[in-house]
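Each ligand, and each atom within it, is numbered from 1 in the order the structure gives.
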Amino acid sequence: MKIHEYQAKELFAIYGIPVALSRAVTSVEDAVNAGKEIGSPVVVKAQIHAGGRGKGGGIALAKDEAAVREAADRILGTALVTPQTGPEGRVVRTLLIEKASEIASEFYLAITVDRARRQAVAIASRAGGVNIEETAEKDPDAILKEWIEPAIGLRPFQAHRLVRKLGLPKAAVRPATKLILNLYKLFCSEDCSLAEINPLAITADDELVAIDAKLTFDDSGLFRHPATQELRDLSEEDPLEVEATAVNLNYIKLDGNVGCLVNGAGLAMATMDLIDHVGARPANFLDVGGGATAEMIEKGFRILVGDPDVEAVFINIFGGILRCDILAEGVVAAAKAVDVKLPVIVRLEGTNVEAGREILASSGLEFRTASDLEEAAEMVGDVVKGVAT
Ligand code: GDP
Ligand code: MN
């Protein structure tokens with residue numbers, strides 16, 4: 001789960017990571033008032049769950065009240081397009097009004113999980129700011145790393161080593177070491193998968209300030225953090241994924257044209273490969289799981305066909321704990337309720353398969369039932385050749 005910069009900075013403050021005075025607002029008038037309270041100059045910052053806001057025009061330095069009004073009026077309510085949003089952009093509903101810092105230099109600092117090494121890693125670079133991705137690609141040596149033993153945690157000497165390699169001014173060495181250790185404390189205590197400060201600035205008076213703040217939380221750890229759950233902004237998430245999560249379905253929206261409903265993550269992956277193999281593209285990942293009820297199947301089916309990109313549906317079920325008759329009941333109920341016009345290809349196998357096929361056949365609806373996976377693949381291929389442009 002992602003949160004906004006202003007929310008992340010509130011957590012930073014709690015963990016002793018220096019941030020500038022700021023206020024989150026949702027109207028132009030409040031933006032102007034916040035600017036007056038904080039004192040010019042301020043930075044007006046669009047709050048969306050995507051980076052690259054500076055490049056997209058979502059960050060404005062405002063030297064007086066009129067400039068705050070102009071920037072807030074321009075940014076609030078628009079769909080901000082950045083290198084990370086896609087062409088449709090993200091609607092800006094909140095602004096952060098922050099005391100402008102006098103930046104002398106910008107660094108990159110993050111803690112994340114290195115999956116290959118199965119440990120957390122602290123990453124730092126002198127080339128902080130808006131072009132860190134480019135640096136990582138062209139000059140990987142400019143990216144410094146300290147891997148963290150899970151049982152031991154980040155050691156002070158490691159934080160200190162990063163700071164020395166960054167070449168910070170002398171006055172900033174101790175506070176920067178402390179800052180990195182505090183960021184690690186936050187990362188662990190809040191069950192983050194990413195804690196990033198880009199840029200971490202050194203000001204003209206050698207003070208450290210986290211200019212930007214990005215925190216991503218491990219969804220599997222969220223149940224331990226009710227306060228974090230409160231920070232969720234559903235308007236920033238894919239509406240179909242939000243609907244699916246609410247009924248415990250494991251759904252991820254993709255950009256293809258064949259919706260698939262499968263039980264088991266492994267079979268779901270194989271099904272996506274199969275769809276790809278016959279020349280189509282999966283529109284989603286959906287694992288309804290072993291313990292799915294007819295209601296969950298119905299909901300999953302509705303979500304699938306609610307995706308405007310879907311041109312055909314492929315239901316691939318190997319009934320074990322999930323019985324084929326339960327699946328068929330759910331699918332029939334949903335197909336009747338939403339009046340689907342799309343071709344629906346069904347491959348059923350396993351527990352109560354006869355009963356399941358019977359329910360589909362006597363439903364009065366048109367399902368294309370395959371007797372095995374090979375035939376199902378052919379059917380999907382044929383349908384797609386018909387629908388593909
Ligand atoms: P991002 O573009 O979404 O990563 O947004 P950031 O919060 O990182 O801001 C982008 C850039 O705007 C930073 O790298 C800074 O160069 C600049 N910026 C942001 N806040 C300030 C500030 O307080 N003072 C100055 N001088 N520049 C700022
Ligand atoms: Mn940034």
Polar proximity ligand 1 side, [X] side, N/O cut 3.5 Å exclusive:
| X | result |
| --- | --- |
| Ala50 | no |
| Asp212 | yes |
| Asn198 | yes |

Show me which atoms of ligand 1 lie under 4.0 Å from any heavy atom of [X].
| X | value |
| --- | --- |
| Ala100 | 23 (O) |
| Arg53 | 1 (P), 2 (O), 3 (O), 5 (O), 6 (P), 7 (O) |
| Pro199 | 8 (O), 13 (C), 14 (O) |
| Lys45 | 7 (O) |

task: Answer yes or no: is there a donor N or O on one side and an acceptor on the other, between the side chain of Arg53 and the main chain of Ile59, under 3.5 Å?
output: no

task: Identify whether the distance between the nearest side-chain nitrogen and carboxylate oxygen of Arg281 and Asp255 falls below 4.0 Å.
output: yes

message: Do the side chains of Lys2 and Glu237 get close enough for a salt bridge, i.e. N-O under 4.0 angstrom?
response: no

side-chain hydrogen bond (donor to acceptor under 3.5 Å, both in side chains) assessment of Asp233 paired with His49: CA-CA 9 Å; Asp233 182 353; His49 284 188; 4.9 Å; no

Where is the nearest protein heavy atom to [atom]: which residue, which atom, and how far?
| atom | result |
| --- | --- |
| atom 12 (O) of ligand 1 | Ile59 CG2, 4.0 Å |
| atom 23 (O) of ligand 1 | Ser101 N, 2.8 Å |
| atom 14 (O) of ligand 1 | Glu106 OE2, 3.2 Å |
| atom 18 (N) of ligand 1 | Ile211 CG2, 4.2 Å |

- request: Determine which of the N, O or S atoms in Asp212 is closest to the Mn ion (ligand 2) and give its atom name.
  value: OD2

query: Side-chain contact, heavy-atom cut-off 4.5 Å: Lys9 with Glu98?
result: yes

